[in-house]
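Note that this is a predicted model, so its numbers are computed, not measured. FYI, side chains are in, hydrogens and waters are out, and symmetry mates aren't considered; it's all heavy atoms of this structure. Letters A, B, ... mirror the listed sequences (proteins, then strands); counts begin at 1.
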Protein chains: 2
Amino acid sequence: MTQDLKQKQSRTQSLPKAQTGPGRPRGFDEAEALGQALQVFWKQGYEATSIDDLTAAMRLSRSSFYSAFSSKQDVFVAALRAYSENALGTLEQLAQGEREEALEAMVLALSGASDGPKGCMLVNCITELAPHNEQVAEIGRQHLERIEDLFARVLSPQDPGAANSTASALSALAIGILTLRKSGVSAHRIEQALSTARTLFTT
Amino acid sequence: MTQDLKQKQSRTQSLPKAQTGPGRPRGFDEAEALGQALQVFWKQGYEATSIDDLTAAMRLSRSSFYSAFSSKQDVFVAALRAYSENALGTLEQLAQGEREEALEAMVLALSGASDGPKGCMLVNCITELAPHNEQVAEIGRQHLERIEDLFARVLSPQDPGAANSTASALSALAIGILTLRKSGVSAHRIEQALSTARTLFTT
DNA sequence: TTGATATTGGACTAATCAGTTCATTTTTCA
DNA sequence: TGAAAAATGAACTGATTAGTCCAATATCAA
């Protein structure tokens, strides 16, 4: 069996190395490189992505890759965290809008209306890796919980706690729709599920 | 990059070989062996499963494996089809019950209440492989459509067409809950989503 | 310019991958 | 019993994997 994404229990996060003295400066931007890595992981999944895939996308040599990061999974977790922050930021922006428009936009975004066939990276990762890797599961859990909380706040700004059940259902529904989309279920069926989702928050 | 599950366009299905004459009979049951293979693919996913994993689980030598099946993906597709039939059979049984009890049981089964952390195999496969493999996407699509049709028939036996939207939403919701479960979201949040699911079919 | 330090590309390792080949064993039918 | 046929185990192929190492190069401060 291909070894599971190893569970480094509390491995140092790939902090940018302290610039201790003189020397050639890094010829690439770490965040940007992580962004490229993210795209590859997103498209192919963890197991199906090789270091060569990563270095090609990041335009890094193998040695630069390994001097900047400690392993494939290190890059993966860093990219996943960045993705989570970014995706939540987008959702928070959508949540600013008027109640029903905001909810509709959030559900659409979450259900992958614009991500093409790749689907939400975090959902992919949960499905592929969470059962075998607590670190990924934890990132996924936090991501999902923040999404639910966001839904609850938009649903019922005065008393978010009252909307918890609907919030849980809306995130589950959006994630489920994303899976339907990925298998290529007809647009008509997707629209049906979305219309029922709307009934959950239409007053 | 690890090669994607190749797309053999219309490869012969691994039919049991015609018993043409004398010779040592097969020492294993093909369906049973496929069942063992299924367990491994289910637990580990396609990419993370090696031929050694499969032969160990199926208790077959490498050569028996390759004389009975043509490739890893051949076994995979056969196992996936068997899984789909089996899962749909279970759901159809649950669908026999009284309306609300049937719907509740179906949602629970689909959302992985008893599959442990492995989740529904077909949902896993859709997430991992469907975007790159039309054969898997097709199996997933058919599976999901049959589930929706089943929901529609239970929701509204006289006029299943009228319940299409709710049926789509229920399957999406169940699948989404399954993903929540996989990331280890709290039982409380799962129950919240389930309770909202119930409101979709409680008269 | 020089010494120190960092990045870089390419070659390398050892393990693992999917799949093949073949000589041997086991079983069946005649 | 003997020949045909199928199953089997083990060794093998060539490709690919994640990760290491090092000599060459680039860039800094002084």
Side-chain angles (χ1 to χ4, degrees), chain A residues 1-8 11-12 14-30 32-33 37 40-41 44-79 129 133, chain B residues 1-8 11-12 14-30 32-33 37 40-41 44-79 129 133:
Chain A
M1 147 169 58
T2 302
Q3 193 51 28
D4 284 336
L5 190 51
K6 285 181 214 68
Q7 311 251 10
K8 293 202 204 170
R11 188 64 186 71
T12 326
S14 70
L15 303 163
K17 294 186 180 171
Q19 194 79 9
T20 52
R24 179 173 167 182
R26 189 159 274 175
F28 63 94
D29 180 66
E30 191 168 307
E32 194 179 327
V40 181
F41 279 127
Q44 306 184 349
Y46 180 81
E47 289 284 354
T49 297
S50 71
I51 305 289
D52 283 339
D53 293 334
L54 291 174
T55 53
M58 301 162 91
R59 284 193 274 200
L60 250 52
S61 75
R62 222 174 171 71
S63 31
S64 302
F65 178 93
Y66 275 105
S67 69
F69 309 98
S70 69
S71 68
K72 177 182 170 181
Q73 69 149 319
D74 181 31
V75 172
F76 177 73
V77 169
L129 302 169
N133 186 277
Chain B
M1 145 169 59
T2 302
Q3 193 53 28
D4 284 336
L5 188 52
K6 287 182 212 67
Q7 309 252 13
K8 295 203 202 166
R11 190 63 186 71
T12 325
S14 70
L15 302 163
K17 294 186 180 170
Q19 194 79 7
T20 52
R24 180 172 168 182
R26 189 158 275 175
F28 63 95
D29 180 66
E30 191 170 307
E32 194 179 326
V40 182
F41 279 127
Q44 307 184 347
Y46 181 82
E47 289 284 354
T49 297
S50 71
I51 304 289
D52 283 339
D53 293 333
L54 291 175
T55 54
M58 300 163 91
R59 284 194 275 197
L60 251 53
S61 74
R62 222 177 171 69
S63 28
S64 302
F65 178 94
Y66 277 105
S67 70
F69 309 99
S70 68
S71 67
K72 177 180 171 182
Q73 70 148 319
D74 182 30
V75 172
F76 177 74
V77 169
L129 304 169
N133 187 277

Nearest to side-chain heavy atoms of A/F28, which nucleotide of C/dT8, C/dG19, C/dT7: C/dT8
Side chain of B/Y66 - closest among C/dT20, D/dG19, C/dT27: C/dT20
Touch class at under 4.0 angstrom, heavy-atom based, for A/F65 against every strand present: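 The answer is nothing, as A/F65 stays clear of every strand by at least 4.0 Å.
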In whole Å, what is the span from the [atom1] atom of [X] to the [atom2] atom of [N]?
X     : N      : atom1 : atom2 : result
B/I51 : D/dT16 : CD1   : C1'   : 15 Å
A/M58 : C/dT7  : CE    : P     : 14 Å
A/E47 : D/dT16 : CD    : P     : 17 Å
B/K72 : C/dT16 : NZ    : P     : 15 Å
A/R26 : D/dC28 : CZ    : P     : 15 Å
B/R59 : D/dA7  : CZ    : P     : 19 Å
B/Y46 : C/dC17 : OH    : P     : 13 Å

Member of B/I51, B/L60, B/D74 meeting the side-chain contact (heavy atoms from CB on, under 4.5 Å) criterion with B/Y66: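 Exactly one option meets the side-chain contact (heavy atoms from CB on, under 4.5 Å) with B/Y66, and it is B/I51.
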N/O donor-acceptor pair under 3.5 Å between B/N133 side chain and B/L129 backbone: no
Those residues that, when tested against B/R62, pass salt bridge (charged side-chain N to carboxylate O under 4.0 Å, His left out) (two or more places apart): B/D52
Audit row: B/M58, B/F65, side chain to side chain contact (heavy atoms under 4.5 Å, CB included) steps and yes/no: CA-CA 9 Å; B/M58 300 163 91; B/F65 178 94; 3.8 Å; yes
Cation-pi geometry met for B/K72 and B/Y46 (6.0 Å, 45°):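 Positive - B/K72 is close enough to the ring of B/Y46 and near enough to its axis.
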Atom pair OG (A/S64) and CZ (A/R59), whose distance is rounded to the nearest 0.5 Å: 14.0 Å
Using atom names, set out every protein N or O paired with an N or O of nucleotides 9-11 of chain D below 3.5 Å, distance rounded to 0.1 Å.
unit_1: D/dG9; atom_1: N7; unit_2: B/S63; atom_2: OG; d: 2.3
unit_1: D/dG9; atom_1: O6; unit_2: B/S63; atom_2: OG; d: 2.7

